[in-house]
Novice: 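Take this structure first; my questions come after.
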Amino acid sequence: MSAVPEIETASATTASARTTNVMIVGVGGQGVLMISKALALIGQKQGLQVKQSEVHGMAKRGGVVFSHVRFGAEVWSPTICKGEADVLIALEWAEGLRWLEYLRPETGVFIADTRRIVPPFACRSRRRGATMAYARETPAEVIDKVSEGYALDAAAIATGLGESRAGNTVLLGVLSASMGVPVAEWLAVLEMLVPPKSRAINHKAFEAGRAWAEAAHNDSSLRFDAGFAADVTHADLPEVSVRLDINAAWCKGCDICVKLCPERCLALNEYQVAYLTAPQACTGCHVCEWLCPDFAIEVHTTQKVPMTVSE
């Protein structure tokens, strides 16, 4: 990612150096703030001035979250204006597209997870084959419009390592491949930000993201997720069987799935953990899975095989 300004130390001649602007966007619960804190700490460790601004509040459970991080020899404002972000990191695909106008047109770098968290208003029709009202731009189309772009299924990479919630750390690894900071310093910052029990998996996620970025730098055909499907569609109850897997250890009792389930077939038990109250009513629409900020729900649908009658 040659377009990203490399971090310079304060002891260097930086009087004319331009401030580096990084914008991180996503959905509540994905780890936007962890990435922004990591970048702020990296800048401070280099002896630079750092300004950070974020919006989360009521959005921390499933709503929009974004953060601005600016570092340089002298930084006055904590916010980034439209068209001035050197890097835009998106933890959710549609959010990345929504903030794309903040990226520098000529030199900005776009890094996005192709994970999609579809809002309820996009799911008004759940009939088989119905297309949801969700962004349909593909990674190939978006990357063709930016100076430099990378779109990967970071959530899938993290899941393959055994921790689906580490997708943000995968993206941090992708970014690190361009910033001229030793890997040891990134890992040291991670250890400051994540709980001791999750340090090992976050190290693996960071290294996986960095390895993906290095491969993509050498082969431009690897810079986007070729398996991304432009249209997101629903399945219909009469033709599928449905199974919900709810990870009780991950569920935080935020109540989003319960309140937004179209069929009202979810509830919280006495331990404030979601459970399926009416299996026969579940249509397998995936709304609960897409909106869960803690990745605690997995919806499995299997198309039913029509019964054949022998004559």
Side-chain angles (χ1 to χ4, degrees), residues 22-43 50 52-69 85 87-99 110-119 150-177 179 186-210 212-213 225 247 249-254 256 289-298:
V22 182
M23 190 168 186
I24 309 100
V25 302
V27 172
Q30 288 192 292
V32 167
L33 302 186
M34 190 278 277
I35 292 181
S36 64
K37 288 176 182 177
L39 284 169
L41 286 171
I42 285 291
V50 179
Q52 180 184 352
S53 173
E54 59 198 38
V55 171
H56 50 98
M58 292 300 290
K60 71 182 294 185
R61 284 289 180 225
V64 174
V65 180
F66 61 89
S67 180
H68 299 216
V69 181
V87 186
L88 173 61
I89 304 175
L91 281 72
E92 197 277 337
W93 183 243
E95 283 303 306
L97 303 186
R98 194 160 74 89
W99 295 95
F110 179 64
I111 302 172
D113 190 346
T114 55
R115 174 178 173 80
R116 294 178 281 201
I117 300 178
V118 183
Y150 301 85
L152 65 156
D153 195 341
I157 293 173
T159 300
L161 295 173
E163 178 52 89
S164 59
R165 294 174 293 181
N168 59 337
T169 309
V170 173
L171 293 179
L172 192 64
V174 174
L175 175 64
S176 74
M179 297 194 69
W186 287 101
L187 296 179
V189 164
L190 274 178
E191 290 195 1
M192 296 171 63
L193 296 175
V194 302
K197 64 180 181 180
S198 63
R199 285 174 183 168
I201 189 64
N202 275 280
H203 282 196
K204 289 181 181 179
F206 176 87
E207 290 164 356
R210 189 176 177 93
W212 184 93
D225 179 9
N247 189 323
W250 291 3
C251 178
K252 301 296 190 301
C254 67
I256 290 175
E289 179 182 39
W290 287 324
L291 295 180
C292 178
D294 297 301
F295 311 111
I297 302 177
E298 289 186 3

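Since we're looking at a predicted model, the values are computed, not measured.
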Novice: Nearest 0.5 Å please: distance from the CG atom of Leu175 over to the CZ atom of Phe206.
Specialist: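 Reported to 0.5 Å precision, the distance equals 8.5 Å.
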Novice: If the threshold is 4.0 Å, N to carboxylate O, is there a salt bridge linking Glu207 and Lys204?
Specialist: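 Result for this pair is no, no salt bridge flagged.
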Novice: Looking at every non-hydrogen atom in both residues, tell me the closest pair between Leu88 and Gly96 and how far apart they are.
Specialist: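 Looking at all heavy atoms of both residues, the shortest contact is CD2-O, 3.6 Å.
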Novice: So which atom in Trp290 and which in Arg116 form the shortest heavy-atom distance, rounded to 0.1 Å?
Specialist: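 Looking at all heavy atoms of both residues, the shortest contact is CD1-O, 3.6 Å.
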Novice: Flag the pair Ile201 / Leu161 as yes when at least one side-chain heavy-atom distance between them is below 4.5 Å, and no otherwise.
Specialist: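 Heavy-atom side-chain distance check passes, below 4.5 Å.
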Novice: For a quick test of reading the model, state the closest non-hydrogen atom pair linking Ala154 to Asp113 and the distance between them.
Specialist: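 Taking Ala154 first and Asp113 second, the nearest heavy atoms are N-OD1, 3.1 Å.
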Novice: In chain order, what residues pass the ring pair (Phe, Tyr, Trp, His ring centres under 6.0 Å) check against Trp212, with sequence neighbours excluded?
Specialist: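 Trp212: no ring pair (Phe, Tyr, Trp, His ring centres under 6.0 Å) contacts found.
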Novice: Which residues pass the side chain to side chain donor-acceptor pair (under 3.5 Å) test with Gln30, not counting sequence neighbours?
Specialist: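 With sequence neighbours excluded, Gln30 shows a side chain to side chain donor-acceptor pair (under 3.5 Å) to no residue whatsoever.
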Novice: Considering only residues two or more places apart or on different chains, which pairs with a residue in residues 151-160 satisfy salt bridge (charged side-chain N to carboxylate O under 4.0 Å, His left out)?
Specialist: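 Sorted result for residues 151-160: empty, none.
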Novice: Applying side chain to side chain donor-acceptor pair (under 3.5 Å), can you list everything that pairs with Arg199, at least two apart in sequence or on another chain?
Specialist: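 Residues passing side chain to side chain donor-acceptor pair (under 3.5 Å) with Arg199: none at all.
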Novice: Of all heavy-atom pairs between Gly167 and Ala158, which one has the smallest distance, and what is that distance?
Specialist: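 Minimum heavy-atom contact is N-CB, 3.6 Å.
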Novice: Of all the heavy-atom pairs spanning Ile297 and Cys292, show the shortest one and how long it is.
Specialist: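 Here Ile297 and Cys292 meet closest at N-SG, 4.2 Å.
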Novice: Side chains of Arg98 and Val25: closer than 4.5 Å at any heavy-atom pair?
Specialist: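 Not touching, per the 4.5 Å side-chain cut-off.
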Novice: Using side-chain heavy atoms (C-beta onward) and a distance below 4.5 Å, is Met34 in contact with Leu190?
Specialist: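 Yes, close enough: below the 4.5 Å cut-off.
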Novice: Mind checking the OH-CD1 spacing from Tyr150 to Ile89? Nearest 0.5 Å is all I need.
Specialist: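 It comes to 13.0 Å.
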Novice: Can you sort out the partners of His68 under ring pair (Phe, Tyr, Trp, His ring centres under 6.0 Å), two or more places apart, ordered by chain and number?
Specialist: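 Ring pair (Phe, Tyr, Trp, His ring centres under 6.0 Å) check on His68 returns Phe66.
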Novice: Out of Leu39, Leu33, Val32, which one pairs with Ile35 under the side-chain contact (heavy atoms from CB on, under 4.5 Å) rule?
Specialist: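 That would be Leu39.
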Novice: Write out all pairs satisfying salt bridge (charged side-chain N to carboxylate O under 4.0 Å, His left out) with one or both partners inside residues 25-43, taking only residues at least two apart or from two chains.
Specialist: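 Counting only pairs at least two positions apart or across chains, no salt bridge (charged side-chain N to carboxylate O under 4.0 Å, His left out) contact touches residues 25-43.
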Novice: Only counting residues at least two apart or in another chain, list the ones meeting side chain to side chain donor-acceptor pair (under 3.5 Å) with Gln52.
Specialist: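 With neighbours one apart ignored, the set is Ser36, Glu54.
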Novice: Please give me the minimum heavy-atom distance between Ala38 and Leu172, naming the atom from each residue.
Specialist: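 For Ala38 and Leu172, the tightest heavy-atom pair comes out as CB-CD2, 3.9 Å.
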Novice: Could you tell me whether the side chain of Leu171 reaches within less than 4.5 Å of the side chain of Leu152, counting heavy atoms only?
Specialist: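 Sidechains of Leu171 and Leu152: in contact.
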Novice: Which pairs with one or both residues in residues 155-171 pass side chain to side chain donor-acceptor pair (under 3.5 Å), sequence neighbours excluded?
Specialist: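 Listed by first then second residue: Glu163-Arg165, Thr169-Asn202.
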